[in-house]
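Since the structure comes first, as structure tokens, the remarks are kept for the end.
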Amino acid sequence: MDDSPQTVSSLRRALGLLRIVAAADPSGIRLKDLAQVAGCSQPTAHRALQDLIAEGFAEQVAGGKRYRLALDFFVLAARAGLAGGLRDLARPVMLRLSATLNDTIFLLVRNGYDAVCIDRIEGPFPIRSFTGDIGGKVPLGLGQGSLAILANLPEQEREAVIRFNVPRLLDRGFLDEAGLRMAIETARQQGWVNLNTGLIPGMAGLGVPVFDAEGRAVAALSIGTTAERLRDERLPNVARMLQTEAATLGAQLNPFDTALRYPSRSLSSTGR
């Protein structure tokens, strides 16, 4: 490999353009806009783009003049994140919480309009939950962890989920739209979700969102327990513990972790 200053400079320029393409709209970015943001000429940007395309890291949108990241880039990034996937990172956190609180801990991620339980640590008290065992899913908005994710989505995404999921929640005999919006507002104000409403008799729970480095709610940690073990005097301490662990976990997340985009792959890749 040529390590001349010119080659190094070209490499840095290409990597800089790659960052700009990654930050652009998913539909792609035009060459002239890319060059303007990068502070270089269009021919220079075009040459660097051709190198990225040749390596499979970028592609030109079919039938258009826009450029976006290509599949090989995501494959490479996903491989880099395999050693520190969400489930592996969260397991010590969940074990610590379960041992300290003596209750069952859940890890959920968003999957479209649903939340999927991708891990669960059992506590000593028998409980029932909306998601059930690992692999169970519920509409976003149903259950404490699911609601914690929904409440912290960007407004446009949140509204789309609400419109789609309200009929599904009503079919299950749970929240109507007014009730769901009230619960979302409460969750956003206090930073966590507490469910001790009798939806599952004798059961209660508390969930907090897990934010990635860009501040997106990509997962949730939640506790499932009996109603008598989650009374008002215990709530603040439980909430603080979950929030602290969620912040620690979020800071370690790889944005290309397949568990965040394809939960089913995470479930099939482990023997747990």
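- Under the 4.5 Å side-chain criterion, counting only non-hydrogen atoms from C-beta, Arg110 is in contact with Val161.
- Rounded to the nearest 0.5 angstrom, Leu108 CG and Leu147 CG are separated by 11.5 Å.
- Between Leu107 and Ala219, the shortest heavy-atom distance links the atoms CD1-CB, 4.5 Å.
- Side chain of Thr104 to backbone of Gly123: a donor-acceptor contact under 3.5 angstrom is found.
- The CD atom of Glu157 lies 9.0 Å from the CZ atom of Arg216; values are rounded to the nearest 0.5 Å.
- Asp119 places a side-chain heavy atom less than 4.5 Å from the side chain of Ile134.
- In this structure, Lys65 and Leu31 have side chains that are not in contact, with every pair of non-hydrogen atoms separated by 4.5 Å or more.
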| message | Evaluate Leu95 against Ile105 for side-chain contact (heavy atoms from CB on, under 4.5 Å), listing each step before the verdict. | response | CA-CA 8 Å; Leu95 288 170; Ile105 307 297; over 6 Å; no
| request: Give the C-alpha distance, both sets of side-chain angles, the deciding distance and a yes or no for side-chain contact (heavy atoms from CB on, under 4.5 Å) between Arg158 and Leu150. | output: CA-CA 6 Å; Arg158 188 169 67 245; Leu150 174 60; 3.9 Å; yes
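- The two residues Val208 and Ala239 have their closest heavy-atom pair at CG1-O, 4.3 Å.
- Between Leu170 atom CG and Asp176 atom CG the span is 6.5 Å, to the nearest 0.5 Å.
- Across all their heavy atoms, Val193 and Ala187 have their closest contact at CG2-CB, 3.5 Å.
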| request: Begin from the C-alpha positions of Ile223 and Met241 and carry the test side-chain contact (heavy atoms from CB on, under 4.5 Å) through to its verdict. | output: CA-CA 11 Å; Ile223 174 178; Met241 291 175 64; over 6 Å; no
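- The hydrophobic clustering, which links ILVMFWY residues whose side-chain heavy atoms are closer than 4.5 Å, places Ile184 and Phe211 apart.
- Taking CZ of Phe57 as the start and CG of Leu49 as the end, the distance is 13.5 Å to the nearest 0.5 Å.
- Exactly one of Val93, Val210, Asn237, Leu206 qualifies for a side chain to side chain contact (heavy atoms under 4.5 Å, CB included) with Leu242. That residue is Leu206.
- Between Asp103 and Val238 there is no side-chain heavy-atom pair separated by less than 4.5 Å.
- Of all non-hydrogen atoms in Pro209 and Gly191, the two that sit nearest each other are CD-O, 3.7 Å.
- More than 12 heavy atoms of other residues, nucleotides or ligands lie within 6.0 Å of CZ in Arg234, so this atom counts as buried by the packing criterion.
- At distances below 3.5 Å, at least one donor-acceptor pair connects side-chain atoms of Ser146 with backbone N or O atoms of Gly141.
- Residues Ser27 and Val61 fail the side-chain proximity criterion, which asks for heavy atoms closer than 4.5 Å.
- Atom CD of Glu55 is surrounded by 12 or fewer heavy atoms from other residues, nucleotides or ligands within 6.0 Å.
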| query | Yes or no on side-chain contact (heavy atoms from CB on, under 4.5 Å) for Ile121 and Arg91, after CA distance, side-chain angles and deciding distance? | reply | CA-CA 9 Å; Ile121 302 294; Arg91 177 55 64 132; 3.5 Å; yes
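- In terms of hydrophobic clustering, with Ile, Leu, Val, Met, Phe, Trp and Tyr side chains grouped at heavy-atom distances under 4.5 Å, Leu142 and Met182 are assigned to different clusters.
- Across all their heavy atoms, Tyr67 and His46 have their closest contact at OH-CD2, 3.9 Å.
- A distance of 8.0 Å separates CE in Met94 from OG in Ser222, rounded to the nearest 0.5 Å.
- One finds the OG1 atom of Thr44 at 10.0 Å from the CD atom of Gln42 (value rounded to the nearest 0.5 Å).
- Under the 4.5 Å side-chain criterion, counting only non-hydrogen atoms from C-beta, Glu185 is not in contact with Arg181.
- Taking 4.5 Å as the limit, every side-chain heavy atom of Asp25 sits out of range of all side-chain heavy atoms of Arg66.
- Residues Asp51 and Arg13 form no side-chain contact, since every pair of their non-hydrogen atoms from C-beta on lies 4.5 Å or further apart.
- Ala217 approaches Asn152 most closely through the heavy-atom pair CB-CB, 3.7 Å.
- Remark: Gln36 CD is loosely packed, at most 12 non-hydrogen atoms of other residues, nucleotides or ligands lying under 6.0 Å away.
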